[in-house]
Amino acid sequence: MNDRKSAVVQITSAVMLRIIISGFFNRVMKKKIKKKYAPGELDKTRRNIGKISIEEAKRIAKKLGGEIGVEQDPEDVTNKYKEMQYKSYGRIITKKKRTTQKNRTTTPIDKKNGKQIVTKKEKIKKKDKKTNQGSFIDRVRLDFLCSKPEYQLKPLSGAIASLFSFILAIPDKVNPNFIMTSRTRFYTTLYNFVTAIRSFYLKSNKEIYAAISEHSFFSRILLTIKNWDLSGINLELNILRRQPNRLKVRKLGKLCKLVFYPFGILYDLEYDLHIKEAITWAYNINRSYLEKKGGMLLKTKELYEDALNQMDIVFNSIKKMFYPLLLKLVSNKYYLYDEFIKKERNTILAFLGISEKDVIQPEKIEKKITISDKTRKETAPDKEEETLSEKENRKPYLEGIKLLEYLYPGAGWSTLHQFPDLYPYFQPLFRFPPGFELIPKEDPLHQIMIFCTIIGYLFYGFRHIEFQSIRNERLELLSVKSKLDSFLSIWPAYINDIISKIYLSRLQDYCRNMEKDSSFHKTEVAAKVEMELDHVKKMFFLPYQPFQFKRKITLITKKNIPKLYFLTAEIDPILEKITEEINAKFKEKRSREMKGETVKLSQLYCESVKNPWSKIKFDVENPLSKRLNKLLYKQVKDSSGHIRVVDRRSNANLIIYTSTLLAMLDYLINIKSSHLYQTPQTCLFRSLKDDGVTPQYSVPLLDTENIINREVNREDGEKETLKKENGKQADSGTWFKKQKMLDEELVREIHSADQANSVFSIILFHLFSPSGAGQIQTPVFSALAGVIKNIIRHLLDTPFRLEDDDFLIILKDMDIHSAIGAARKITSLVKNTSEFNTGNYHLSAGVIQYQRNWKFDKFRKLITKVKLILHKQKLSRIVFVDRDTGNLKALK
């Protein structure tokens, strides 16, 4: 039986091979005999040769060689044949089709030679028809291009069948999956993108509509996207889905035109420059309007971010997805994408029905300052100021590090940029969702999850805080209660829904598959999961994380949960304003007490919070509330032996702590220069020996309580020792350290900077009176000291009161640019105080940055040199030592 089957297969194969070879020779190799001689021209040749058979004639032609030709048909016979085509009953009879005379276009015939007179228009049509047929090689290459997985326009079997198109007529059928999966592949993304743009371009709001229309270039771009015919595309897809198995490529012409028409209008624009700027323009106008009216900005920010994310897919993936279909419809010649878009521009526009006047030409885009850019300067800052602003961004980060070290000492906050493993420290304290142990310490999500948990525990105490109103830049009162209530209700969703249900569930499945098969990470399924996990991180937590759509994945969205980086950017300014008001009340209390008044905090009215001085109240105790009770409630023994209670468990302090940590988190995820974006992740999950193969589910935990107690006892001991040693060495008027402690502190800082390969700077202030008014009074020193206290960082910067009316500040981990910025800030604030605005007193400053491996003597001599120059010049200016040349320079 098997022998019979094999024989049948062999016979069938032989027959097919013979058919293919014969067809090839018949259609390709066989030459057509040309009619190259006039009628009767070969009569003389026939008489000379005589009568011969056909076989003899072929033999002679083969030996003689050359091109074979025959006589043309007589002219009268040709004309009679053409006249026979026209019948008296008004129809044209041809071999292929019949058409009525009503639709027939008669072609005039030249009476001299009897040939048709072909017009210019008909010549173009014939040329186009000949071009659209394409060569066999181009047709095969194009069909195989259409069968690729990223296009799916034709099935693979159809592409293989095109190899035999020179023998048989192969129908140009469409892959049914191209139509059946069209909604998930491109329509949903296109719909979301256009809907986001339409939300910015609302005709119902005349103010926004008029503002956007002022910029005609951007307005035309937005209108083109806004008027994308989504309903037409949806209707055409419904029609095509009725019989997807019988569709041919030409049936998709209308769908291609509907999808590609806006691309044709925007043909000459760069999407990442012109279109993105147009969307940003619309967003800024909407944002300005909402800020003016006091509306919610969070939804607008989400729509803007969605529009930018979808824009990359629309103008990259979807546009290229339709390129083979458009290529088949306008030309059968094979082109690569870039070559096709460039060379066939006119053909594409003609197919879409777009004239050159309709195509939007690019314009030079000038950056304009909008209301939302209120923090930017109207003039471009110089390089020194730009560097300075970058350094200023680190202030929330440094304050957050200080607070975290205060709350949970010994966790490794000072080396946060080196990605310490925080899981063993916090797992005994907090309750994390299952699977968190799989997130490696180098993953930015590791630190984000810790911060979200800590801030979430602090937010539980906000439920009993009665928020009221804050003032905007125009000093208008804006209610914040509803905003903060909505934010507090959303916050737990980041841990419970996004990280736990979406991210960790996929990561756990990934690790289980890695346990079963160590080569799983090389599969297509693993690549898809990795891409989905990266998409979750970029979508909700890390906006500047690089991400590319390398394959088709399900886009993960949560309409009811905003992006974390949008939420922090929205809450942080609100809490910052409330914190500023609370700190102002604390300062008011201290200043009034210095004047001899007896003031209680309960007597001070706070506009933003109704009960800032009430005790913190948590409905359910959590690990962080217990820690706060230990820190904020203490019994202190004074010098006389009496014990007094220090209770700082107030809503005001809770708001200050939360604002500090939230500002730190906002810095980490919204500033591109933060360390979360600087270290690339090496492995997707925590693995044994960091090999990226075997998942590690068990992590040894630390005795966190013992670590905290040990650190607290050590700090208390150091503080007590320092207090005893330095109690008599502080200046009585300012409580700054005295000059005799300066050298010792400089030696310590120099040693620390050399060991850690870091820098530090000093600022030297000289206070003087231009008119020579004599000895400077104590209130003037107190005013300067108060400004310095408000600017310097607690526990990081050390101020000194020197002789000859000088002050000096050691700025740890701060380079010269940041130090110059601090000096500028202090000098400008001092001018606004009542003691200085009379003009009787002035302040000059000198800045020096320590260079690695400098000796103490060299650094001390530079300080003395700067001091002498400040005393000699007596000018209100800032001088600094150039790092490269070592020369002294002055700022204008």
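As a basis for the values below, the full set of heavy atoms in this structure was taken, side chains included, without hydrogen atoms, waters or symmetry mates. In this chain, residues are counted from 1 in sequence order. No experiment lies behind these values; they were computed from the predicted model shown.
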Quick check for you: to the nearest 0.5 Å, what is the distance between [X] atom [atom1] and [Y] atom [atom2]?
X: Leu870; Y: Ser844; atom1: CG; atom2: OG; result: 4.0 Å
X: Leu484; Y: Leu575; atom1: CG; atom2: CG; result: 6.0 Å
X: Phe765; Y: Leu808; atom1: CZ; atom2: CG; result: 9.0 Å
X: Asp572; Y: Asp666; atom1: CG; atom2: CG; result: 5.0 Å
X: Lys861; Y: Lys858; atom1: NZ; atom2: NZ; result: 10.5 Å
X: Asn583; Y: Ile656; atom1: CG; atom2: CD1; result: 4.5 Å

State plainly whether the residues [X] and [Y] are in salt-bridge range, i.e. N to O under 4.0 Å.
X: Glu405; Y: Lys402; result: no
X: Asp743; Y: Arg860; result: yes
X: Lys537; Y: Asp443; result: yes

What do the steps show when you test Phe859 against Phe856 for ring pair (Phe, Tyr, Trp, His ring centres under 6.0 Å), and what is the final call? CA-CA 5 Å; Phe859 193 60; Phe856 168 78; 8.1 Å; no
Determine the sole option in Ile848, Ile816, Val847 for which the side-chain contact (heavy atoms from CB on, under 4.5 Å) test with Val881 is passed.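 Of the listed options, the one satisfying the test is Ile848.
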Would you say [X] and [Y] make side-chain contact, with heavy atoms under 4.5 Å?
X: Glu607; Y: Gln468; answer: no
X: Asp797; Y: Ile810; answer: no
X: His871; Y: Asp806; answer: yes
X: Thr579; Y: Tyr657; answer: no
X: Leu654; Y: Leu628; answer: yes
X: Thr798; Y: Ile809; answer: no
X: Ile788; Y: Val830; answer: no

Side-chain donor or acceptor of [X] paired with backbone N/O of [Y] under 3.5 Å:
X: Glu399; Y: Thr660; result: no
X: Asn653; Y: Arg648; result: yes
X: Asp421; Y: Lys441; result: no
X: Trp413; Y: Leu403; result: no
X: Lys538; Y: Gln545; result: yes
X: Trp854; Y: Ile750; result: no
X: Asp815; Y: Ser818; result: yes

Give me the atom names and distance for the closest heavy-atom approach of [X] to [Y].
X: Phe426; Y: Ala411; value: CE1-CB, 4.4 Å
X: Phe736; Y: Arg801; value: CB-N, 3.8 Å
X: Trp613; Y: Leu604; value: NE1-O, 3.1 Å
X: Tyr408; Y: Arg627; value: OH-CB, 4.1 Å
X: Phe487; Y: Glu570; value: CZ-CG, 3.3 Å
X: Pro543; Y: Tyr677; value: CD-OH, 3.2 Å

Got a sec, which residues hit side chain to side chain contact (heavy atoms under 4.5 Å, CB included) with Ser608, two or more places apart in sequence or on another chain?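 If we apply the side chain to side chain contact (heavy atoms under 4.5 Å, CB included) test to Ser608, skipping adjacent residues, the hits are Ile470, Ile578, Glu581, Cys606.
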Indicate, with yes or no, if the rings of Phe462 and Phe467 have centres closer together than 6.0 Å. yes
Side chains of residues 444-458: which donor-acceptor partners sit under 3.5 Å, not counting sequence neighbours?
residue, atom, partner, partner atom, Å
His446, NE2, Leu422, N, 3.2
Gln447, OE1, His675, NE2, 2.9
Gln447, NE2, Leu416, O, 3.0
Thr453, OG1, Met449, O, 2.7

Test ring pair (Phe, Tyr, Trp, His ring centres under 6.0 Å) on Phe760 and Tyr850; report intermediate values, then the result. CA-CA 6 Å; Phe760 73 92; Tyr850 172 75; 5.2 Å; yes
